[in-house]
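Below is one structure; the comments refer to it alone.
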Amino acid sequence: MSLPHALKITDIKIENGITKTFVLAGSLIAEPGQFVMVWLPGIDERPFSLADTQPLSLTIAAVGCFSQAIHQLKIGDWLWVRGPLGKGYRLPAPVHKNGLPQRTWLIGGGYGVAPLHFLAKQLLADGHEVSVIIGARDAANLLLVEAFKNLGVSLWLATEDGSVGQLGRVTEIMVSLLSNSANKPDLVYACGPTGMLVAVADLCQAHQILFQLSWEARMRCGLGLCGSCEVGNGWLTCLDGPVFEFNPLAL
Amino acid sequence: MSLPHALKITDIKIENGITKTFVLAGSLIAEPGQFVMVWLPGIDERPFSLADTQPLSLTIAAVGCFSQAIHQLKIGDWLWVRGPLGKGYRLPAPVHKNGLPQRTWLIGGGYGVAPLHFLAKQLLADGHEVSVIIGARDAANLLLVEAFKNLGVSLWLATEDGSVGQLGRVTEIMVSLLSNSANKPDLVYACGPTGMLVAVADLCQAHQILFQLSWEARMRCGLGLCGSCEVGNGWLTCLDGPVFEFNPLAL
Amino acid sequence: MIHPKLTCEFLNFKLNTPLVLASGIIGTSATLMSRAAENGAGMVTAKSCSLQSRPGHPNPVALDWGHGLINAIGLSNPGAAEEVNLLMATRAKLQPLGVPLIASIFGGTIAEFVQVAQIISRAHPDVIEVNISCPNVSDEFGTPFSGTPESAATVTQAVKQVVTCPITVKLSPNVPSIARIAAAVKEAGADAITAINTMPGMLFDVVSGQPILSNKVGGISGAALKPIALRCVYEISKAVSIPIIGTGGVSSGQDAAEMMMAGATVVGVGSAVYYRGVSALQQIWEELKCLYPML
Amino acid sequence: MIHPKLTCEFLNFKLNTPLVLASGIIGTSATLMSRAAENGAGMVTAKSCSLQSRPGHPNPVALDWGHGLINAIGLSNPGAAEEVNLLMATRAKLQPLGVPLIASIFGGTIAEFVQVAQIISRAHPDVIEVNISCPNVSDEFGTPFSGTPESAATVTQAVKQVVTCPITVKLSPNVPSIARIAAAVKEAGADAITAINTMPGMLFDVVSGQPILSNKVGGISGAALKPIALRCVYEISKAVSIPIIGTGGVSSGQDAAEMMMAGATVVGVGSAVYYRGVSALQQIWEELKCLYPML
Ligand SMILES: Cc1cc2nc3c(=O)[nH]c(=O)nc-3n(C[C@H](O)[C@H](O)[C@H](O)COP(=O)(O)OP(=O)(O)OC[C@H]3O[C@@H](n4cnc5c(N)ncnc54)[C@H](O)[C@@H]3O)c2cc1C
Ligand SMILES: Cc1cc2nc3c(=O)[nH]c(=O)nc-3n(C[C@H](O)[C@H](O)[C@H](O)COP(=O)(O)OP(=O)(O)OC[C@H]3O[C@@H](n4cnc5c(N)ncnc54)[C@H](O)[C@@H]3O)c2cc1C
Ligand SMILES: Cc1cc2nc3c(=O)[nH]c(=O)nc-3n(C[C@H](O)[C@H](O)[C@H](O)COP(=O)(O)O)c2cc1C
Ligand SMILES: Cc1cc2nc3c(=O)[nH]c(=O)nc-3n(C[C@H](O)[C@H](O)[C@H](O)COP(=O)(O)O)c2cc1C
Ligand code: FES
Ligand code: FES
């Protein structure tokens with residue numbers, strides 16, 4: 001799928017007031033954290049994380065022109081996808097392949113939660129321990145809560161208005177959990193807005209926890225050539241990322 | 001090896017007065033009967049059958065400008081090879097894969113004997129019965145006699161001057177063997193000059209024996225495009241052949 | 001789902017399929033061309049022919065370099081007089097199959113083009129393709145006739161005047177504006193345009209330091225040529241309204257569909273005969289029908 | 001075994017490697033360009049810049065079509081005035097590494113080329129690359145400046161007159177005789193030639209029937225371009241004796257060797273950054289040294 005591949009929409013799930021998951025008639029071999037470029041002829045092409053690969057699913061929040069255009073689509077309509085692109089999350093060795101079981105925390109904000117569900121499934125299948133901490137502005141913007149519950153992971157919720165879960169941000173939940181050093185995870189995976197990612201990185205560095213952050217940037221070529229997705233000191237989000245094992249703004 | 005690949009000559013075996021086998025520092029995945037184009041920069045490029053693939057070996061008679069130029073080469077020199085090209089001999093199912101053991105005759109004339117040794121090895125490895133009938137102008141031009149003896153196949157020789165083996169042609173040996181119907185083979189493979197191939201085809205048709213002929217023609221592109229290797233009614237030696245399971249002059 | 005304007009019509013001909021065997025591809029004998037016609041070719045183009053016979057270049061003359069082919073066969077042909085016999089024999093075989101024959105001609109001067117056209121006309125080909133990719137020998141840099149609107153138009157007009165059958169002019173991609181060339185040859189009387197011929201290229205052997213083709217430079221065809229051909233056909237179809245034989249890099253039904261979306265009336269196929277065998281055109285035609293089952 | 005003339009010299013510069021980051025490839029910031037310089041680039045070319053800032057084309061702007069890339073980024077750039085700051089910051093980072101900086105300029109008119117050259121000169125780039133592949137807006141068909149010897153020479157001469165640093169003129173492959181263009185720009189004062197820019201192409205989506213790039217037409221680079229680039233460089237090197245930055249389809253040491261055998265002085269690398277990452281040039285350099293260990 002180096003070129004845009006037309007796939008039919010086979011199902012549309014309403015996740016919350018502004019978010020839908022589009023299930024497509026096709027699958028992809030890809031890692032959690034990788035992304036695809038979604039094209040609508042005559043409209044635009046934008047990057048979206050993989051919410052699942054079998055079948056290929058995308059969880060999309062209607063926030064602007066392009067995402068709203070996608071939200072207009074119905075079951076049976078075409079969607080064009082190229083990818084997978086970029087570097088996904090690096091997973092610890094599976095337990096069934098003699099890896100040590102790892103305690104992982106998955107931190108998500110906004111639609112950044114989408115790729116974490118796919119990641120959680122993979123980590124659980126590999127025998128690791130998964131805790132999920134997700135946040136949003138309010139209850140109506142929280143994503144995939146039921147889906148995570150169904151996976152049976154430990155789940156913490158944060159909303160900025162306190163309408164559900166803890167009042168405040170995901171990092172505040174992290175801080176309170178980390179206050180008991182017995183809780184300390186081996187690995188933190190995060191996806192969400194830049195401010196959240198930086199806060200997560202700082203917190204992890206302070207506690208000497210390994211972390212991987214899925215970054216966002218304006219993507220044009222998606223191939224590591226045009227330079228428009230640069231973050232920090234020369235890092236290309238589409239080629240070196242979107243997942244970085246360091247804070248690209250700091251290095 | 002779609003493009004000419006430079007390989008070093010690691011060994012040169014003198015087969016007879018005009019024929020040498022060049023052993024190259026490389027191997028190829030190919031079938032008996034397929035060929036390669038051999039290039040000498042600034043000189044020419046010509047087709048040669050595979051005498052072996054592991055390591056890649058070519059048995060070449062010095063008959064004209066190009067083949068003489070190859071005969072000038074020494075161990076350590078480069079030879080350029082592209083291929084394998086064309087359609088090789090179709091082999092019966094191996095006995096170890098539940099094929100029936102087949103009685104095969106391999107008929108060779110001149111340097112046409114070269115690919116037959118590779119074919120014989122393969123047929124024997126697959127559990128089939130192999131008889132080899134080879135001919136040449138005289139004893140000095142006979143090829144690979146010792147090599148076939150070493151394989152332990154039944155071997156008949158024919159020379160036009162009677163200097164070794166039976167006086168006459170390979171087809172005469174075939175005729176005398178076929179006079180006893182108990183000898184009738186399941187499959188005849190042949191490689192050699194056109195006259196010989198036509199005679200073999202006629203004989204096989206008369207006795208209702210399946211046959212495969214490795215044909216010769218002037219090759220230019222070697223890719224089935226230029227038309228210069230056409231034989232009979234629209235058959236391309238480089239693409240449809242060089243091995244045909246019928247007489248291309250007759251169909 | 002949009003589908004291309006899938007027609008099996010070209011000029012006044014009703015074709016069995018919209019696929020055309022490209023010039024130089026097994027177009028060297030009546031038997032080979034009729035084999036192509038029996039294997040999916042709606043029209044068949046003969047190998048380009050010149051006034052005098054040409055042996056072509058020494059080997060190596062063609063290579064698969066992984067992303068396409070490169071060839072410098074050297075326009076080998078038996079010369080126009082002998083080609084007439086070949087074309088007549090071919091026509092006799094193609095006519096019962098309902099497959100029109102396109103003769104292909106070239107020359108180093110305008111006078112040669114005219115002479116070849118006149119001689120070849122004796123064979124009554126259905127169409128004559130004017131291959132103007134060869135260098136104009138009277139141009140000091142050896143620029144091909146296809147290189148400027150003026151030289152392309154001059155050849156077109158000269159040939160058109162001496163033949164009665166329709167002519168298609170075959171353009172080359174190595175020009176700054178192919179639309180301009182297309183407009184010029186249409187103005188000069190071309191009934192159709194064949195686009196495109198190969199793109200000049202070269203390969204080197206890093207051990208010997210030599211160009212691999214004996215002729216050094218060769219023409220690129222196959223996969224690498226496809227986007228170039230699509231763009232040329234698109235630009236031509238926007239500039240002129242005569243039929244186009246869209247040729248270059250087509251080896252699947254999907255490729256053929258792209259070529260039609262770019263503006264091709266029918267689709268030429270060359271290198272795919274190497275990639276998929278002589279039945280390549282048949283396979284492409286089946287795939288095309290599969291892709292657009294509503295047609 | 002023949003080996004190429006492997007020099008790490010270009011004009012008066014001694015280079016760390018004979019590999020040059022091509023224009024438009026991550027040449028949009030000082031940090032990215034210094035990352036390239038730390039990863040094997042002997043010289044670094046900035047993204048082409050125009051008088052006014054340009055946003056570039058909407059997405060999709062670049063695709064991997066299997067045999068190469070196609071892009072229509074649309075020459076997005078911050079405009080010459082802002083580019084001066086970017087170039088100065090870049091130069092400050094490259095100088096300690098011993099890596100010369102090539103600025104790249106373009107315009108729609110000769111006057112624009114001159115203005116951009118003058119503004120950019122304030123940043124004291126080591127070399128200015130004159131990208132003449134953009135269409136001449138005063139030509140009714142929008143033929144690129146690189147399309148004729150006359151327009152190519154005119155731009156060259158105009159820019160040469162207003163700058164003090166050496167200039168290299170970047171040529172396009174879609175011309176009937178690139179040797180003639182090379183001779184013209186050399187005559188007009190070019191110190192070097194960069195060959196080649198991308199070849200115009202197009203791709204269609206067979207489901208929607210639309211060209212995939214928002215700009216419809218894009219430039220082909222990568223593997224498919226290699227034999228075209230080799231042939232162009234060969235023809236240029238036979239026609240003129242000034243240094244050549246041979247660019248197009250190089251993504252391995254073997255490709256780079258071929259480019260040098262064709263006549264390149266140093267070798268430009270673009271698309272390989274996609275195929276092999278930002279360290280592509282370093283990898284190519286290691287492979288080149290491996291291929292010719294006697295060097
Ligand atoms: C690697 C990567 C992965 C991505 N994965 C996803 C994904 O899985 N799901 C998804 O919905 N989007 C994802 N995005 C974002 C997506 O590519 C678009 O940027 C997003 O859909 C907005 O595009 P638009 O044209 O609809 O809005 P625009 O017109 O670009 O923006 C409209 C307004 O919305 C704001 N806005 C833009 N994005 C967001 C946002 N995410 N949250 C809140 N406000 C926003 C803008 O600042 C602007 O004010 C991803 C981006 C990257 C780089
Ligand atoms: C599919 C295929 C496989 C081949 N395999 C082999 C092979 O394994 N070994 C091999 O040596 N050759 C093989 N050949 C033949 C080879 O390609 C050349 O044709 C041969 O080497 C002669 O080339 P030349 O340039 O040396 O002679 P040329 O200059 O072409 O011919 C010189 C003279 O020798 C005669 N002559 C040509 N070939 C032969 C011949 N085979 N026997 C007797 N006289 C001949 C010619 O008629 C001419 O009179 C094969 C050809 C084909 C098409
Ligand atoms: C081996 C070969 C020989 C060719 N000979 C001719 C020729 O004689 N005349 C001509 O006009 N084009 C010739 N061509 C060009 C083809 O007709 C066609 O335009 C080109 O190959 C692009 O199509 P493709 O990508 O389908 O091969 C030749 C091409 C090849 C590969
Ligand atoms: C994404 C992209 C952007 C480019 N931008 C420019 C540019 O701004 N100016 C320019 O002269 N060439 C530009 N080019 C052309 C390259 O500099 C180079 O000439 C071409 O890509 C061929 O080299 P390659 O095959 O190694 O990529 C661009 C190429 C690509 C792929
Ligand atoms: S989007 Fe072009 S470099 Fe990342
Ligand atoms: S050698 Fe060209 S078709 Fe066989």
Side-chain angles (χ1 to χ4, degrees), chain C residues 1-4 65-68 70 139 141-144 146-148 172-180 183 199-211 216-218 220 222-235 249 253-255 257-262 291-292, chain D residues 1-4 65-68 70 139 141-144 146-148 172-180 183 199-211 216-218 220 222-235 249 253-255 257-262 291-292:
Chain C
M1 178 155 179
I2 303 294
H3 48 77
W65 49 281
H67 299 283
I70 187 165
D139 170 300
F141 281 84
T143 311
S146 58
T148 67
S172 290
N174 52 323
V175 293
S177 166
I178 201 163
R180 192 186 280 219
M199 177 75 192
M202 223 170 160
L203 288 175
F204 287 80
D205 170 59
V206 295
V207 174
S208 65
Q210 299 290 313
K216 299 189 176 89
V217 173
I220 290 156
L225 197 62
K226 191 179 82 167
I228 301 173
L230 289 170
R231 189 261 312 164
C232 289
V233 167
Y234 180 81
E235 290 182 356
Q254 179 150 340
D255 294 336
E258 282 193 71
M259 194 56 89
M260 289 175 160
M261 283 160 171
L291 201 55
Y292 301 105
Chain D
M1 179 156 179
I2 304 294
H3 48 76
W65 50 280
H67 300 282
I70 187 165
D139 170 300
F141 281 83
T143 312
S146 58
T148 67
S172 289
N174 51 323
V175 292
S177 166
I178 201 163
R180 191 187 281 220
M199 177 76 193
M202 224 170 160
L203 286 176
F204 287 81
D205 170 58
V206 294
V207 174
S208 65
Q210 300 290 312
K216 299 189 176 88
V217 173
I220 290 156
L225 197 63
K226 191 179 82 167
I228 302 173
L230 289 170
R231 189 260 313 165
C232 289
V233 167
Y234 180 81
E235 291 182 358
Q254 179 150 339
D255 294 335
E258 282 192 72
M259 194 56 91
M260 288 175 160
M261 283 160 171
L291 200 56
Y292 302 104

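We name chains A, B, ... by the order of the sequence lines, and we start the count at 1 in each one.
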Check your understanding: Should the ring pair H67(C) and H67(D) be called parallel, tilted or perpendicular, given that the plane angle runs from 0 to 90° and is split at 30 and 60?
Key -> perpendicular

Point to revise | Greatest number of heavy atom pairs closer than 4.5 Å to chain D - which of A223(C), G218(C), P144(C), S177(C) | key: A223(C)

Point to revise | side-chain contact (heavy atoms from CB on, under 4.5 Å) involving N174(D) - partner list, sequence neighbours excluded | key: S172(D), M199(D), P200(D)

Point to revise | Closest non-hydrogen atom pair between M261(C) and V206(D), with its separation | key: CE-O, 3.3 Å

Review point. Under a 4.5 Å heavy-atom cutoff, which of C232(C), G201(C), A229(C), G66(C) has the most pairs with chain D?
Key: G201(C)

Point to revise | Option in P173(C), G68(C), A257(C), A262(C) with maximal non-hydrogen atom pairs under 4.5 Å from chain D | key: A262(C)

Study note, to complete from the structure: What one should report as the nearest heavy-atom pair of P176(C) and G147(D) is CG-O, 3.6 Å

Check your understanding: CG of L230(D) to CD1 of I70(C): how many Å apart, nearest 0.5 Å?
Key -> 8.5 Å

Exercise for review: Identify which of L203(C), L225(C), V233(C) forms the greatest number of heavy-atom pairs closer than 4.5 Å to chain D.
Suggested key: L203(C)

Exercise for review: Please state whether the side chain, the backbone, both or neither of I220(C) comes within less than 4.5 Å of a heavy atom of chain D.
Suggested key: side chain

Revision key, fill the gap. CD1 of I228(C) to CE of M202(D), rounded to nearest 0.5 Å, is 13.5 Å

